[in-house]
Amino acid sequence: MAKTPEEIADAMHKMVKDAFGVKKYKPMDLNKAMRELFGDEVDKKTCKEAIKLLVNSGRCVYTYFGGSFLEIPHREGAAND
Amino acid sequence: MADKLPNTPKLDELEKGKWPSFVKEIKMAAKKSPMCADLLGQLEKSYTEKVGYWKHGGIVGVMGYGGGVIGRYSALPKEFPNVSHFHTMRVNQPAGWYYNTEALRKICDIWEKHGSGITNLHGSTGDLVLLGTRTEELEPIFDELQKINFDIGGSGSDVRTPSCCCGQSRCEWACYDTMAACHDFTMEYQDELHRPAFPYKFKFKFSGCPNDCVASIARSDMSLIGTWRDSIQQDDAEVKAYVDGGLDIEEDVISRCPGKCMAWDGKKLEIDNSFCRRCMHCINVMPKALRPGKDRGATILLGSKAPIVEGALLSSVLIPFIKMEAPYQELKDIIERIWDVWSEEGKNRERVGEFIQRVGMGNFLEAIEVEPVAEMVAHPRENPYIFYEEFFEEDDDEEGDKG
């Protein structure tokens with residue numbers, strides 16, 4: 001049965017949260033991981049929707065360090081008060 | 001208002017001479033903006049100590065977007081507190097960079113209220129660049145820009161803000177409506193522009209003719225350059241008028257034709273259009289006598305980039321000729337396939353041109369389901385070790401059938 005964008009968003013969020021401070025994931029890394037995890041139950045379009053949900057809700061943010069990544073919101077090291 | 005401008009002997013040197021000076025402009029802005037006064041102070045210190053005192057911020061932005069804001073912090077926030085945050089915002093420019101003064105005034109009002117007041121028209125991608133603001137001002141600026149129908153542009157691993165030449169709005173050589181195409185693609189790819197999902201950046205630039213005024217062949221991953229596929233339009237009387245007027249047609253036109261497709265017998269210019277490279281040189285020299293043909297469209301090229309991670313590349317031909325008519329569906333289908341392959345297989349920070357070099361043009365074309373054609377060959381082959389396995393296999397099969 002096809003996974004909903006919400007279910008995929010939760011799985012992506014867990015993956016990003018678990019890797020926080022250790023590894024940064026690009027959106028495509030998450031898409032690939034979801035396809036590996038759920039097989040035919042997900043497609044690229046639903047993964048895209050899931051990322052949109054994560055970012056629009058503020059659970060994840062886009063960051064840029066040479067390339068663009070999805071991370072848990074945090075105070076970056078370079079930031080000044 | 002800044003109390004007093006810092007002492008800047010090194011920067012002052014850059015005000016000398018007859019050219020415009022960014023120092024002069026920042027000093028003018030500093031009379032109103034303490035941020036600009038501290039910017040001068042930090043720049044002077046950088047010039048003196050030969051150290052760039054900026055830190056790159058990677059997380060600032062507006063809600064929901066992954067591009068359009070480039071985070072910047074001072075490494076000396078105590079010494080220069082007004083530039084402790086100095087983020088850049090890229091604003092998506094109108095197609096062809098047409099503004100009326102009312103629009104520019106509104107943008108400047110927003111920027112003076114929420115930022116440093118200094119701008120850069122335009123950045124190398126084409127965006128209108130607003131230089132220097134604080135993190136807490138980003139959302140209010142974004143809201144106010146939306147109210148006057150402006151949006152922020154691209155940054156990071158996304159579709160960068162598409163840009164185009166002024167096209168048919170002012171230029172008689174434009175072979176398609178670049179502004180319409182640029183606007184259409186900008187609207188079509190809003191999601192890709194604001195939500196970075198690629199291995200690295202992807203730029204579109206639309207040039208109306210091979211003069212390529214936006215340098216798309218050198219500066220965009222996908223270059224859409226206007227061209228024609230019939231014959232150059234020719235007015236023999238005007239050709240003769242140029243020659244009678246003193247033009248050295250042999251030296252200035254015929255000898256410079258890269259296709260060597262022209263001949264002049266003293267009375268008439270003969271053009272063998274089958275060898276024409278569509279370089280525009282002859283047309284540029286004799287604009288009253290020659291014009292692009294009537295069957296017009298664009299050549300689509302892929303893969304150029306400036307040197308960042310690796311060296312510079314020029315785009316090479318992907319589609320020799322395509323009619324550029326809305327909704328451009330055939331082209332958009334190919335773009336989707338390119339993105340699919342590149343996103344799946346591309347490495348982090350690998351531009352599409354580098355990706356093609358890595359996997360090979362043959363494999364790339366097969367993956368995006370485009371048939372190879374002779375126009376895709378950029379230059380004679382460098383590698384003599386070409387294998388014709390498929391050919392031999394087919395040949396063997398045929399031999400076997402005969403046997």
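Reminder, nothing fancy here: chain letters follow the sequence lines and each chain counts from 1.
Most heavy-atom pairs under 4.5 Å with chain B, from the set A/Gly66, A/Gly77, A/Gly67: that is A/Gly66. When each of B/Gly156, B/Pro196, B/Ala197, B/Gly66 is checked for heavy-atom pairs under 4.5 Å with chain A, B/Pro196 comes out on top. The choice from B/Pro199, B/Gly71, B/Gly61 that makes the most heavy-atom pairs within less than 4.5 Å of chain A is B/Pro199.
Among residues 340-348 of chain B, the residues having any heavy atom closer than 4.5 Å to a heavy atom of chain A are, in sequence order, B/Asp340, B/Ser343, B/Glu344, B/Asn348. Near-neighbour residues of residues 76-87 of chain B relative to chain A, defined by a heavy atom under 4.5 Å from a heavy atom of that chain, comprise B/Pro77, B/Ser84, B/His85. The stretch residues 35-45 of chain A places A/Arg35, A/Lys44 near chain B, each with some heavy atom under 4.5 Å from a heavy atom of that chain.
Both the backbone and the side chain of A/Lys52 have a heavy atom closer than 4.5 Å to some heavy atom of chain B. Both the backbone and the side chain of B/Tyr73 come within less than 4.5 Å of a heavy atom in chain A. Heavy atoms closer than 4.5 Å to chain A are found nowhere in B/Asp158, neither backbone nor side chain. The part of B/Glu192 that comes within reach of chain A is its side chain, from C-beta onward, which places non-hydrogen atoms under 4.5 angstrom from that chain.
Interatomic distance, OG of A/Ser68 versus CZ of B/Arg349, reported as 10.5 Å (0.5 Å rounding). The distance from atom OG of B/Ser157 to atom OH of A/Tyr62, rounded to the nearest 0.5 Å, is 10.5 Å. A distance of 4.5 Å separates CG of A/Asn56 from CZ of B/Arg195, quoted to the nearest 0.5 Å.
With contacts defined as side-chain heavy-atom distances shorter than 4.5 Å, the pair B/Met63/A/Val61 does not qualify. Here the side chains of A/Glu71 and B/Ile59 are not in contact, with every heavy-atom distance at 4.5 Å or above.
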Practice item. Apply the test salt bridge (Lys or Arg N to Asp or Glu O under 4.0 Å) to residues B/Lys55 and A/Glu76: give CA-CA distance (whole Å), side-chain angles for both, the deciding distance (0.1 Å), then the verdict. Key: CA-CA 11 Å; B/Lys55 296 187 284 183; A/Glu76 63 183 323; over 6 Å; no

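More than 12 heavy atoms of other residues, nucleotides or ligands shown are found within 6.0 angstrom of NZ on B/Lys332. No more than 12 heavy atoms of other residues, nucleotides or ligands sit less than 6.0 Å from atom CD of B/Glu330.
With sequence neighbours left out, B/His56 forms a ring pair (Phe, Tyr, Trp, His ring centres under 6.0 Å) with A/Tyr64.
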